[in-house]
Amino acid sequence: MLVQFTLKNVLSFKEETTLDMTAINAYKEHECNLIDSGNKEKFVRVAAIYGANASGKSNICMAMDYFQGIIEESFNNVGIDDETAIQKYYEPFSFESKDENSEFQIVLIVDNYEYKYGFEYNAECIVTEWLYRKNLQTSRTSTIFERTTEKVQFGFSVKKECDVYKEQIPKETLVLSFFNKLIMKTGIFKDVFSGIMDTLIVTTDFWEEDKFDKLLVRIFPQVIDTDKDGLMEFLTAIDTGIQNIEYNENEKKVTFITFHKGKDGNIYPLNLFYESEGTLKSIMFYIHARLAILYDKSLFVDELDNQLHPLLLKFIIDLFYHSKSKAQLIYTTHNTTLLDKKFFRRDQIWFVQKDEFGYSELSALSDFKVRSDASFEKDYLAGVYGGIPSLKEFRMKEGK
């Protein structure tokens, strides 16, 4: 379960920026929107991020993608001339003459422990890296390791097992990535690695370069085989008109067929990829939401509202509320129809604002003094919370 995600000097976020999923105890509305961890703190199930075009809100999802990419790939470089993961994912703030280090940190809960893990890096090396573990039952915090460019120091719980390897860790490889690859008695490194990589991410380029088609071919047959009733219930609920769905598989390709009822009462087949973009996107969101809810994962989605009707958007969001799962949804959007106290708590709504020099800033609605009778949507569109485009007068000139 995600508690916090912090980035610094990544893409348009020059200054340290934190997305915090911790619920504010003073807010008593919409208790069903919260995950009860069984301890003192509760966490929001859904966070909505608003912002103008080019404000940088998509960079929150992209940053999580970079964070995962470095962790997953930093131990995979084998050739001297290969591009390292830190070179590939080093994208500091662009509008300054000197490149500085970038930084990530995540706080997440795995079983009965809260882990704080992060690293500072540039295109040449890992500058610092750290991992701490807090026992949620005793509130005792212990150091697992701390790393600088000169040395790695391990905490008491892993020191004996890890010390023999510390001189073998390359400067461009994360300690977490290194020990995740080894067979060890301690499960800490694999727990943290899995906890981070379990986060699902759907960025805008997911719908390009055949990524959508490839994922559908890889995952959708299993969904149809194991959860067809749930899938059909979802497709019926969102009024797609699909009566049934099947797939045919041979050595060369997988073909998906939907079935619709005609005016004459007969059932007619249709290739799935002839369905509307909204239907295809809804199916893919169902697959991701199902994975998140079944396995208590976090799901980041960029522009969730794109090609979705507002009522369908609410339907998908509500999937995360109507569940005993600890799944979480973090999404970016322009759609303000749900920007209402009837649906959201103040600690669930975030805004991204970019200034004239290209610096993006993330703020929560809870950072503002909000009247009890305030209209979130009206005040947002009026510019009270930022995160809206600054439009200047423009007139189209008639051609001569």
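Because its NZ or CZ atom is not both nearer than 6.0 Å to the ring centre of Y115 and within 45° of the ring axis, R133 does not count as a cation-pi partner of that residue. Both the sub-6.0 Å distance and the 45° axial angle are not jointly satisfied by R147 relative to the ring of F119.
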Check: Where do K14 and E100 land on the salt bridge (Lys or Arg N to Asp or Glu O under 4.0 Å) test, with the steps shown first?
Finding: CA-CA 10 Å; K14 170 64 176 175; E100 298 179 359; 2.9 Å; yes
Notebook entry, point to check: Taking it one step at a time, do K253 and N248 satisfy side-chain hydrogen bond (donor to acceptor under 3.5 Å, both in side chains)?
Noted result: CA-CA 8 Å; K253 63 184 299 186; N248 299 315; over 6 Å; no
Notebook entry, point to check: Given E129 and T148, is the side-chain contact (heavy atoms from CB on, under 4.5 Å) satisfied, shown in steps?
Noted result: CA-CA 7 Å; E129 186 182 0; T148 65; over 6 Å; no
Next item on the list: Verify ring pair (Phe, Tyr, Trp, His ring centres under 6.0 Å) between F93 and F357, making sure each step is shown before the conclusion.
Entry: CA-CA 11 Å; F93 183 75; F357 302 109; 9.8 Å; no
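Rounding to the nearest 0.5 angstrom, the gap separating the OH atom in Y117 from the CH2 atom in W130 is 8.5 Å. We find the OG1-CG distance between T6 and L362 to be 10.0 Å, quoted to the nearest 0.5 Å. Once rounded to the nearest 0.5 Å, the distance linking CD1 of I283 with CZ of F256 reads 9.5 Å. In this structure, CG in D305 is found 6.0 Å from CG in L313, a value given to the nearest 0.5 Å. Rounding to the nearest 0.5 Å gives a distance of 9.0 Å between NZ of K281 and CD of E277. Here the NE2 atom belonging to H288 is positioned 11.5 Å from the CG atom belonging to L329, to the nearest 0.5 angstrom.
At least one side-chain heavy atom of Y247 sits under 4.5 Å from a side-chain heavy atom of D225. For the pair V3/M21, no side-chain contact is recorded, criterion being any heavy-atom separation below 4.5 Å from C-beta on. The shortest distance between side-chain heavy atoms of H260 and E275 falls below 4.5 Å. Under the 4.5 Å side-chain criterion, counting only non-hydrogen atoms from C-beta, R345 is in contact with L34. In this structure, the side chains of S58 and T203 stay at 4.5 Å or more apart for every pair of heavy atoms. Residues Q68 and I201 form a side-chain contact, since some pair of their non-hydrogen atoms from C-beta on lies under 4.5 Å apart.
K151 has no carboxylate O lying under 4.0 Å from a charged side-chain N of E146, or vice versa, which leaves the two without a salt bridge.
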Enumerate donor-acceptor pairs with a distance under 3.5 Å from any side-chain N or O in residues 289-301 to protein atoms, sequence neighbours excluded.
unit_1: R290; atom_1: NE; unit_2: D227; atom_2: OD2; d: 3.0
unit_1: R290; atom_1: NH2; unit_2: T226; atom_2: OG1; d: 3.1
unit_1: D296; atom_1: OD1; unit_2: S325; atom_2: OG; d: 2.8
unit_1: D296; atom_1: OD1; unit_2: K326; atom_2: N; d: 2.9
unit_1: K297; atom_1: NZ; unit_2: D198; atom_2: OD1; d: 3.1
unit_1: S298; atom_1: OG; unit_2: Q328; atom_2: OE1; d: 3.0

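Neither side chain, T333 nor N335, offers a donor N or O lying under 3.5 Å from an acceptor on the other. Side-chain atoms of T279 and S282 include no donor-acceptor pair closer than 3.5 Å. In this model, no donor atom of one side chain and acceptor atom of the other lie less than 3.5 Å apart for K42 and N25. In this model, a donor atom of one side chain and an acceptor atom of the other lie less than 3.5 Å apart for N59 and S12. Side-chain contact of N9 with E103: a donor-acceptor pair under 3.5 Å is absent, judged by distance alone. A side-chain donor from one of D302 and T332 sits under 3.5 Å from a side-chain acceptor of the other. Defined by atom type and a distance below 3.5 Å, a donor-acceptor pair is missing between the side-chain atoms of T84 and E172. In summary, the side chains of Y89 and E73 do present a donor paired with an acceptor at a separation below 3.5 Å, with no hydrogens or angles considered.
Annotation: F285 is not in aromatic contact with Y331 [ring centroid separation under 6.0 Å not met].
With hydrogens and angles disregarded, no donor-acceptor distance shorter than 3.5 Å links the side chain of T17 to the backbone of F13. Panel note: side chain N122, backbone E124; a donor-acceptor pair is recorded below 3.5 Å.
Between F75 and F178, the ring planes lie perpendicular to each other; the angle is over 60°, past the 30° to 60° tilted range. Taking the six-membered ring where the residue is Trp, F368 and F351 present perpendicular rings, their angle passing 60° and hence far from 30°.
Residues passing the side-chain hydrogen bond (donor to acceptor under 3.5 Å, both in side chains) test with Y121, sequence neighbours excluded: none.
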